[in-house]
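Report on the structure given below.
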There are 2 protein chains.
Amino acid sequence: MEDFHYNPHISVDCVIFGFDDQKINILLIKRKQSGKNVFALPGDLVQKGEDLDHAASRVLFELTGLQNLYLEQFKAFGSPDRIKDPVDIEWIKSIREHPEERVITIGYNSLVKVDGFEFTPSSFAEEVLWHPIEKPQKLAFDHNDIANTGWFMLREKIKREPMIAFSLLPEKFTLRQLQTLYEAIVGISLDKRNFRKRMLRNNFLVAMEERETGVSHKPAQYFRFDEDTYREDFARDQWFLF
Amino acid sequence: MEDFHYNPHISVDCVIFGFDDQKINILLIKRKQSGKNVFALPGDLVQKGEDLDHAASRVLFELTGLQNLYLEQFKAFGSPDRIKDPVDIEWIKSIREHPEERVITIGYNSLVKVDGFEFTPSSFAEEVLWHPIEKPQKLAFDHNDIANTGWFMLREKIKREPMIAFSLLPEKFTLRQLQTLYEAIVGISLDKRNFRKRMLRNNFLVAMEERETGVSHKPAQYFRFDEDTYREDFARDQWFLF
DNA sequence: GCAAAAGTGTTACTGATACACCCATGG
DNA sequence: CCATGGGTGTATCAGTAACACTTTTGC
């Protein structure tokens with residue numbers, strides 16, 4: 001631990017979302033402490049001279065090996081008593097050079113495509129796992145607050161900028177996957193025909209030659225998301241009068 | 001200056017919006033430095049043991065004498081070089097005990113009703129003024145970035161929760177004021193009849209007995225905003241599929 | 001041939017837009 | 001009596017919502 005690199009007052013915590021074709025999950029790290037499992041969001045202190053966004057990217061990269069992920073700050077958490085559980089205090093004392101320092105943490109949301117990456121064994125994570133966002137799980141520190149706020153902010157963000165949802169899907173995906181994702185985010189179910197109708201009039205969804213294989217039903221067509229077309233066509237400037 | 005009260009690593013900066021029946025303004029403070037006027041957002045270091053939201057409320061209260069204003073954090077600004085202008089560095093040196101410390105600042109948006117309050121002479125403001133948000137004005141530090149981001153975030157927020165816009169209007173207001181406010185936020189102009197039609201089917205707008213007086217045209221009816229009715233009726237859960 | 005998900009159109013309804021004139025007041 | 005902004009209705013258009021059956025594949 002080379003604490004002299006770090007600014008002991010500021011940290012980042014990442015809420016990393018993934019979609020497994022059924023539901024939305026977040027990435028948690030697990031550590032053993034006094035024989036019990038303790039779960040937490042991945043995060044780290046910000047280094048001296050390091051930008052906040054850079055610190056969050058660094059945490060993501062160390063954990064997933066991926067770069068250029070969707071990443072957005074959503075809130076700063078600075079309550080003076082955000083670390084109050086004795087178990088957490090004990091943990092902090094074991095890893096920080098200045099455990100008594102008040103730390104402000106900046107919450108970041110990130111979206112990853114679940115297919116095709118492996119967790120990287122990391123300095124700060126004994127074990128890494130996907131956990132369903134809808135399933136309650138006690139987390140360390142104020143991480144429940146951070147995760148809940150992040151999930152709320154992500155949904156708000158997607159309302160305004162639905163494009164980012166494609167960061168959760170593989171490069172090629174079926175309309176059923178897209179609809180399931182949408183339903184998982186929104187929390188309601190949609191009519192299949194109306195959904196397809198609305199989707200297919202968007203030029204940014206381009207049908208690929210390829211179809212599903214190995215499924216015991218009519219194989220679905222794959223689509224991909226064309227970001228350039230989206231940006232051209234989709235000048236969302238909708239305003240809602242109460 | 002009793003710096004020992006303060007946490008020298010964290011500050012808050014407030015983007016305070018007001019509506020003057022024509023346009024949206026933000027509150028700036030002005031100081032004289034080397035014979036030049038320097039403009040900045042109001043802000044302060046966070047005190048030791050003080051919550052971030054509390055620090056922002058404190059800045060607002062010292063400036064306006066008002067409490068329980070609409071207040072929302074919108075972003076943390078933590079670039080290592082956010083203070084780089086020599087004029088700003090000189091200023092920091094003159095007021096901070098640890099001028100070399102890196103400071104993370106948390107940006108807050110606030111909405112005030114312009115009618116019926118006076119600026120309070122404050123420890124940190126030689127002069128306080130309303131400045132049109134649309135009119136460019138160079139600000140100290142990274143305050144242009146903070147103000148622009150705050151304005152953008154406010155507009156995004158109002159799209160999702162238009163209710164908060166009423167924090168900018170007086171208790172009683174005319175539909176014309178409401179429409180002008182809406183147009184100032186959205187940046188487009190609306191058809192008067194359609195606007196009134198949509199507004200008047202909302203139960204949360206309640207017509208008062210009172211009408212305008214002293215105007216040289218047909219006096220307009222006053223309305224007020226009923227927050228309880230709004231919360232009951234207006235379960236906004238609109239989702240937009242691309 | 002059966003189970004399982006893909007794919008496909010029409011109708012009814014609801015909300016948005018476009019548009020022009022009379023009314024009440026102060027000076 | 002004139003200038004000013006307040007206040008009102010209708011017709012058209014576009015988008016949303018509801019709804020059931022046929023197709024293709026693996027086993």
Side-chain angles (χ1 to χ4, degrees), chain A residues 20-23 159 162 169-170 172-184 186-224 233-242, chain B residues 20-23 159 162 169-170 172-184 186-224 233-242:
Chain A
D20 63 10
D21 281 5
Q22 298 298 320
K23 58 196 183 315
K159 284 183 191 177
L169 288 174
K172 57 184 185 191
F173 51 83
T174 66
L175 290 178
R176 161 53 49 186
Q177 284 177 293
L178 181 57
Q179 185 177 341
T180 306
L181 172 60
Y182 223 98
E183 290 172 342
V186 176
I188 56 169
S189 60
L190 302 165
D191 179 86
K192 181 170 58 155
R193 274 180 293 193
N194 292 334
F195 183 83
R196 295 175 65 90
K197 210 185 311 169
R198 270 180 295 188
M199 286 302 125
L200 291 175
R201 71 170 182 237
N202 292 322
N203 295 319
F204 57 75
L205 281 183
V206 308
M208 304 176 73
E209 295 298 309
E210 213 174 338
R211 304 184 141 265
E212 275 182 312
T213 52
V215 290
S216 70
H217 56 76
K218 181 169 176 178
Q221 179 154 48
Y222 281 125
F223 289 81
R224 65 181 178 80
D233 291 10
F234 195 70
R236 166 179 298 257
D237 218 355
Q238 297 179 35
W239 280 88
F240 309 102
L241 294 146
F242 306 98
Chain B
D20 64 8
D21 281 5
Q22 299 298 320
K23 59 196 181 317
K159 285 183 189 177
L169 288 174
K172 58 185 185 190
F173 51 84
T174 66
L175 290 179
R176 160 56 45 187
Q177 283 177 294
L178 181 57
Q179 184 176 344
T180 306
L181 172 59
Y182 222 98
E183 290 172 340
V186 176
I188 57 170
S189 61
L190 302 165
D191 179 86
K192 180 170 60 156
R193 274 180 293 191
N194 293 335
F195 182 84
R196 296 175 66 90
K197 210 187 309 171
R198 272 182 292 190
M199 286 301 126
L200 292 175
R201 71 172 182 235
N202 293 321
N203 295 319
F204 58 75
L205 281 184
V206 307
M208 304 176 73
E209 296 298 309
E210 213 173 338
R211 305 183 140 265
E212 276 182 312
T213 52
V215 289
S216 71
H217 56 75
K218 182 171 176 179
Q221 180 155 47
Y222 281 125
F223 289 81
R224 65 182 177 80
D233 290 9
F234 195 69
R236 164 178 300 256
D237 219 355
Q238 297 181 35
W239 280 87
F240 309 102
L241 294 147
F242 306 100

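- To the nearest 0.5 Å, the span separating CD on Glu183(B) from CD1 on Ile188(B) amounts to 8.0 Å.
- Taking 4.0 angstrom as the limit, Arg193(B) places none of its side-chain polar atoms (N or O) nearer than this to OP1 or OP2 of dT8(D).
- Across the protein-nucleic acid pair, Asp21(B) atom CG and dG5(D) atom P stand 13 Å apart, rounded to whole Å.
- Going from atom OH of Tyr222(A) over to atom C1' of dG7(C) covers 16 Å, rounded to whole Å.
- A heavy-atom distance below 4.5 Å is not found between the side chains of Leu169(A) and Phe223(A).
- Between Thr180(B) and Gln177(B), the closest side-chain pair of non-hydrogen atoms is not below 4.5 Å.
- Protein atom CZ of Arg196(A) is 11 Å distant from nucleotide atom P of dG9(C), rounded to whole Å.
- Counting only heavy atoms from C-beta outward, the side chains of Phe173(A) and Asp21(A) never approach each other to under 4.5 Å.
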Review item, nucleotides 10-15 of chain D N/O atoms under 3.5 Å of protein N/O:
{"residue": "dT10(D)", "atom": "O4", "partner": "Lys197(B)", "partner atom": "NZ", "Å": "2.9"}

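- Residue Arg176(B) has a polar side-chain atom (N or O) positioned under 4.0 Å from OP1 or OP2 of dG6(D).
- Screening residues 203-221 of chain B for side-chain hydrogen bond (donor to acceptor under 3.5 Å, both in side chains), with sequence neighbours left out, gives Lys172(B)-Glu210(B), Asn203(B)-Asp233(B).
- Between the side chain of Asp20(B) and the backbone N or O of Gln22(B) there is at least one donor-acceptor pair closer than 3.5 Å.
- Between atom OH of residue Tyr182(B) and atom CE of residue Met199(B) there is a gap of 6.0 Å, rounded to the nearest 0.5 Å.
- Between the P atom of dG7(C) and the CG atom of Leu200(A) lies a distance of 9 Å, rounded to the nearest Å.
- In this structure, the CZ atom of Phe195(A) is 13 Å from the P atom of dT16(D), given to the nearest Å.
- Atom CZ in Arg198(A) sits about 16 Å away from atom C1' in dG9(C), given to the nearest Å.
- Nearest-nucleotide positions on DNA chain D place Lys192(A) closer to the 5' end than the other of Pro219(A) and Lys192(A).
- Within residues 209-218 of chain A, the residues approaching DNA chain C are Arg211(A), Ser216(A), His217(A), Lys218(A), by heavy-atom distance under 4.0 Å.
- Taking atom CE of Met199(A) as the reference point, atom P of dG7(C) lies 15 Å away to the nearest angstrom.
- Within the 4.5 Å cutoff, side-chain heavy atoms of Tyr222(B) are placed close to those of Thr174(B).
- Between the CG atom of Asp191(B) and the P atom of dA16(C) there is a distance of 13 Å, rounded to whole Å.
- When each of Arg196(A), Lys192(A), Lys197(A) is checked for a side chain to side chain donor-acceptor pair (under 3.5 Å) with Asn194(A), only Lys197(A) meets the rule.
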